[in-house]
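Here's the structure, in structure tokens; my notes come after.
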Amino acid sequence: MNEKYPFDEIEPKWQAYWKDQGFFKVDTGCADRKYYCLVMFPYPSAALHVGHGRNYILGDAVARYKKMQGFNVLTPMGWDAFGLPAENAAIKTGTHPRITTLDNIATMKRQLNSWGICYDWDREVTACLPDYYRWTQWLFIQLFQRGLAYKAKAPVNWCPSCAAVLANEQVIDGKCWRCESEVREKNLEQWFFKITDYAQRLLDDLAKLQGWPDRVKTMQQNWIGRSEGAWVEFPLVPRGDGRVDPRAVVPCFTTRVDTIFGCTYMVVAPEYAGLADMVKGLPEESAVRAFVAEAGKVASADRAAEDREKKGVFTGRYVINPYTGGNIPLWVGDYVLMSYGAGAVMAVPAHDTRDWAFAKKYGLPVKLSIQNAEQLLKLESMDNAFCDDGVTVDSGVFSGLPSAEARSRMTAHAGEKRFGRAMVQYRLRDWLISRQRYWGAPIPIIYCPDCGLVPVPEKDLPVLLPDDVEFRLTGESPLARSSDFMNVPCPKCGQPSRRERDTMDTFVDSSWYFLRFLSPHDERHAIDADACNRWMPVDQYIGGIEHAILHLMYARFFTKALYDMGLIRIDEPFAKLFTQGMICKRSEKDGQLYKMSKSKGNVVSPDDLIRDYGADTVRLYTLFIGPPEKDAEWSDDGIEGAYRFLRRVWRRVYEQRELLAASRPLKPDQSAMQPVERDLLRKTHETIHRVTQDLEGDFHFNTAVAQIMELMNAVDAFSPDGSASDQRKAVFRHAIETVVLLLAPFAPHLAEELWVELGHPAGLLRVAWPVADPAALARDQVEIVIQVNGKLRGTIMLAVGLDKATVEAAALAHPPAAKWASREKLVKTIFVPNKLINLVIRSQGLASCSKA
RNA sequence: GCCUGGGUGGCGGAAUGGCAGACGCAACGGACUUAAAAUCCGUUGACCGCAAGGUCAUAUGGGUUCGACUCCCAUCCCAGGCACCA
């Protein structure tokens with residue numbers, strides 16, 4: 001050992017040691033004290049920056065802490081390795097995505113290792129390799145066979161830049177989640193997963209997720225968007241020319257059936273299926289057609305903008321309000337969405353802001369059907385709709401009812417008269433999973449002219465990606481141009497057929513990988529049910545908030561679907577979820593704070609930092625930077641502080657090496673201790689207690705590290721010399737050993753090295769996490785805060801456990817407090833044992849005033 | 001508009017009813033050094049005061065309480081989610 005802190009020597013040494021010792025190898029046959037710690041597996045984009053590092057460092061610290069607590073810790077890692085960036089690179093450079101992806105994986109794996117992050121690499125899974133995507137395809141077929149995967153023509157989100165469709169969850173503010181291009185609507189035949197079948201369970205089971213942050217649950221709840229209401233059918237008034245309508249009713253969904261007596265017109269979406277038939281041959285037909293054509297040209301994102309002026313035209317048709325029997329005009333309007341409810345709305349301008357605006361614009365009638373209990377509504381003086389609940393008026397037999405009651409009675413009435421019923425609608429749409437791209441798992445379906453859609457038989461899986469493709473951006477899957485791939489006999493009848501050309505959304509790959517980690521090399525099954533039932537759910541899942549809806553909802557859906565298939569016996573995959581904040585850095589260009597990204601030019605490479613300061617410093621600073629659930633700003637100065645601290649710990653052990661070697665472990669005899677020794681012993685155990693609490697709570701690594709720094713400050717202040725008593729040396733040694741143990745999850749290399757220097761056998765992960773000794777925590781004197789009228793006026797040291805009267809007397813004898821108290825009349829005293837005494841005083845004059 | 005969070009020194013942040021600013025960074029002063037780096041010691045919320053000490057201070061304004069960063073009400077601002085979803 002020497003004075004210099006040789007991180008560059010010790011770090012590779014211990015990394016090799018952990019690997020050789022197989023510290024994180026797990027036998028999933030046994031699940032005693034199991035702890036499945038999982039960090040979201042990354043897309044192998046290129047190289048990691050320190051912002052990415054936060055997840056892995058958090059996860060590694062948790063895994064090491066749990067390991068030291070004696071848990072059987074499973075921490076696997078893999079690669080979400082299919083995806084567009086690699087294919088886009090191939091279009092530019094011609095290099096096959098497999099090559100760039102595997103290269104990137106090698107780089108990132110090296111970086112994770114150099115960070116000292118330990119995984120059970122024997123369980124590594126790589127989504128783009130056939131031994132994984134074979135099972136992704138198998139799972140697709142299981143979903144297909146249960147009707148949970150289907151093909152349908154529908155208006156879908158098309159990203160022109162990615163030349164592929166997107167799921168609803170992947171459109172953020174009308175833009176592609178990956179490249180931020182404006183998304184366009186296209187009517188295409190695509191593959192969907194029927195996640196809407198699970199809407200209610202996905203919503204209900206959020207209640208089971210006690211270990212999830214509320215905001216993630218709220219986001220999923222909003223996304224699922226359940227609303228209760230009624231389905232009401234409005235009969236079409238037969239047309240005058242004798243033609244018969246194919247469908248005689250126009251149904252709509254409403255959450256406000258209580259307002260229906262105020263419904264003065266009805267509006268259908270421009271895409272409404274029966275619209276062309278309804279207007280055929282009418283004088284209004286050409287105007288309706290022109291309107292529909294015009295609405296189709298506007299991007300759906302623009303149409304959805306709330307401040308956009310609503311437009312519409314009269315269809316020439318009328319419908320009958322089934323409650324009033326009255327005729328009301330049927331309009332077509334661009335503010336009605338085809339994709340929600342029935343694609344039609346009953347318009348109640350008096351009680352709906354949007355209908356109000358539309359009615360005012362086109363001069364449609366407005367009728368009150370709800371009164372406000374607090375303030376009488378008058379149509380003449382209203383300048384907007386009244387949208388709150390109230391009491392029904394002018395509503396026939398339903399008049400005079402509170403809104404809630406009116407809704408239930410009126411819905412029941414619709415049921416009796418068979419023109420409607422209660423209904424629940426969800427905002428959630430089915431998950432669009434086909435992609436017109438190469439670098440994904442091929443959808444294992446064959447189109448036979450006679451048999452139709454035929455799933456690829458299990459024995460023929462995987463459907464391998466062909467190599468004879470050219471990477472071009474055409475909007476059609478490159479697979480379509482591989483004749484070897486496309487042409488295949490029908491598995492059922494043998495006649496020439498064609499394969500599905502699209503590949504699956506990469507979110508399918510990540511929807512089940514946490515199960516595959518439990519049997520990564522199983523060549524006969526996708527999932528090992530026994531291992532899953534023993535080891536699932538994941539005890540602690542760690543990842544970014546950006547997946548609050550996307551990955552985290554898809555994975556929940558998959559788990560539930562697999563549960564229903566009887567493949568596993570758990571129906572929620574992640575017991576606890578931790579979403580860490582992003583690490584940002586100020587851009588040198590504009591001084592603004594941005595998430596680290598290559599395009600912003602504000603990335604910090606871990607490679608340089610590990611070279612200059614060592615992995616432990618980078619880890620410690622990353623944990624210390626702030627509360628882990630919040631975003632944080634990377635500071636180059638901050639890392640110096642972490643480095644200084646670790647070097648100080650190293651130097652202290654080095655400087656005191658002889659004394660440390662000479663000190664015997666002593667049963668601390670507190671009665672014989674001097675106060676400074678007693679204080680350091682107490683500080684040591686307080687630190688153990690608080691660090692453990694911080695880790696057991698919400699991973700407050702920042703305060704945990706601060707506690708250890710405080711203990712180290714106390715150790716430095718203590719600094720015994722060679723002539724110190726055995727007792728003193730032992731207390732010192734105990735404190736510094738505790739620093740080393742507590743640092744083990746955070747700065748593991750340094751901790752391992754110093755542990756050996758302190759004369760212990762190698763292998764800190766086998767050492768039990770320290771437990772605070774209550775006897776050491778005890779104190780015989782406490783500092784009591786003296787307040788006068790709630791203001792701090794001094795502190796005194798007193799024996800522990802004194803009663804109120806004694807403390808009050810001591811406080812009154814304390815000069816500064818006595819000065820304040822003596823002037824006035826003592827009214828009462830508030831006493832918090834061992835903590836505080838508050839003397840409440842009133843001036844004589846004031847006291848008499850208040851009596852008067 | 002609705003739903004979540006949040007607003008504390010020069011900076012990152014601590015404290016969830018009981019000493020506001022732990023810990024770290026930066027800054028300043030000092031020691032060591034030919035010098036620098038590193039290290040060590042000290043100061044550091046604002047204001048008044050020679051000092052003892054005092055006053056103010058946790059977005060703003062009220063309230064509850066012996067006592068409020070913490071609880072309640074209102075307002076402003078910031079971030080995230082949802083949003084023409086009937």
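What you see below is based on every heavy atom in this structure, not just the backbone, and it leaves out hydrogens, waters and symmetry mates. Proteins come first, then strands; the chains are lettered A, B, ... in the order of their sequence lines, and each starts at number 1.
An OP1 or OP2 oxygen of B:G6 is reached within less than 4.0 angstrom by no side-chain nitrogen or oxygen of A:R215.
Note on A:S339: nothing from the nucleic acid sits closer than 4.0 angstrom, heavy atoms only. Using a 4.0 Å heavy-atom cutoff across all strands shown, A:K630 reaches no nucleic acid atom at all. Within 4.0 Å (heavy atoms only), A:L836 reaches at least one base atom of the nucleic acid. Counting non-hydrogen atoms under 4.0 angstrom, A:V840 reaches the backbone sugars and phosphates but no base.
Shown here are the side-chain hydrogen bond (donor to acceptor under 3.5 Å, both in side chains) partners of A:S395, two or more places apart in sequence or in another chain: there are none. The side-chain hydrogen bond (donor to acceptor under 3.5 Å, both in side chains) search around A:D637 returns none, not counting sequence neighbours. Residues forming a side-chain hydrogen bond (donor to acceptor under 3.5 Å, both in side chains) with A:D679 (at least two apart in sequence, or on another chain): A:R682. Residues satisfying the side-chain hydrogen bond (donor to acceptor under 3.5 Å, both in side chains) test with A:H351, not counting sequence neighbours, are none.
Atom-to-atom, OH of A:Y426 to C1' of B:C82 comes out at 18 Å; the value is rounded to the nearest Å. The NZ-C1' distance, from A:K791 to B:A68, rounds to 12 Å in whole Å. If you measure from atom CZ of A:F253 to atom C1' of B:C84, you get 15 Å, rounded to the nearest angstrom. Between the CD1 atom of A:I786 and the C1' atom of B:G53 there is a distance of 16 Å, rounded to whole Å. Here the C1' atom of nucleotide B:A86 and the CZ atom of A:R407 are 13 Å apart, to the nearest Å.
Rounded to the nearest 0.5 angstrom, A:L812 CG and A:E808 CD are separated by 5.5 Å.
Toward the 5' end of RNA chain B, the nearer of the two residues A:D355 and A:A632, judged by each one's closest nucleotide, is A:A632. For the pair A:G225 and A:V785, nearest-nucleotide mapping onto RNA chain B gives the more 5' position to A:V785.
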Exercise. Treat primed atoms plus P, OP1 and OP2 as sugar-phosphate and everything else as base, then score nucleotides 20-30 of chain B 5' to 3': B for base contact with protein heavy atoms under 4.0 Å, S for sugar-phosphate contact only, - for none.
Key: --BBSSS----
Self-check item: Strand RNA chain B in bracket notation, Watson-Crick/G-U under 3.5 Å with | for pairs to another chain
Solution: (((((((..(((.....[....))).(((((.......))))).((((....))))..(((((..]....))))))))))))....
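Without hydrogens or angle criteria, A:N168 side chain to A:R429 main chain gives no donor-acceptor distance under 3.5 Å.
One cannot find a donor-acceptor pair under 3.5 Å joining the base of B:C66 and the side-chain atoms of A:K828.
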Quiz item: Would A:D334 and A:K310 count as a salt bridge (charged side-chain N to carboxylate O under 4.0 Å, His left out) if you check the C-alpha gap in whole Å, the side-chain angles of each, and the deciding distance to 0.1 Å?
Solution: CA-CA 6 Å; A:D334 63 359; A:K310 298 163 185 27; over 6 Å; no
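Listed nucleotides B:A86, B:A14, B:C56 differ in distance to A:P627; the shortest reach to its side chain belongs to B:A14.
When only modelled atom types and interatomic distance are considered, A:Q200 and A:Y426 share a side-chain donor-acceptor pair under 3.5 Å.
Salt-bridge formation is detected for the pair A:R779/A:E686: a Lys NZ or Arg NE/NH1/NH2 atom is positioned less than 4.0 Å from an Asp or Glu carboxylate oxygen.
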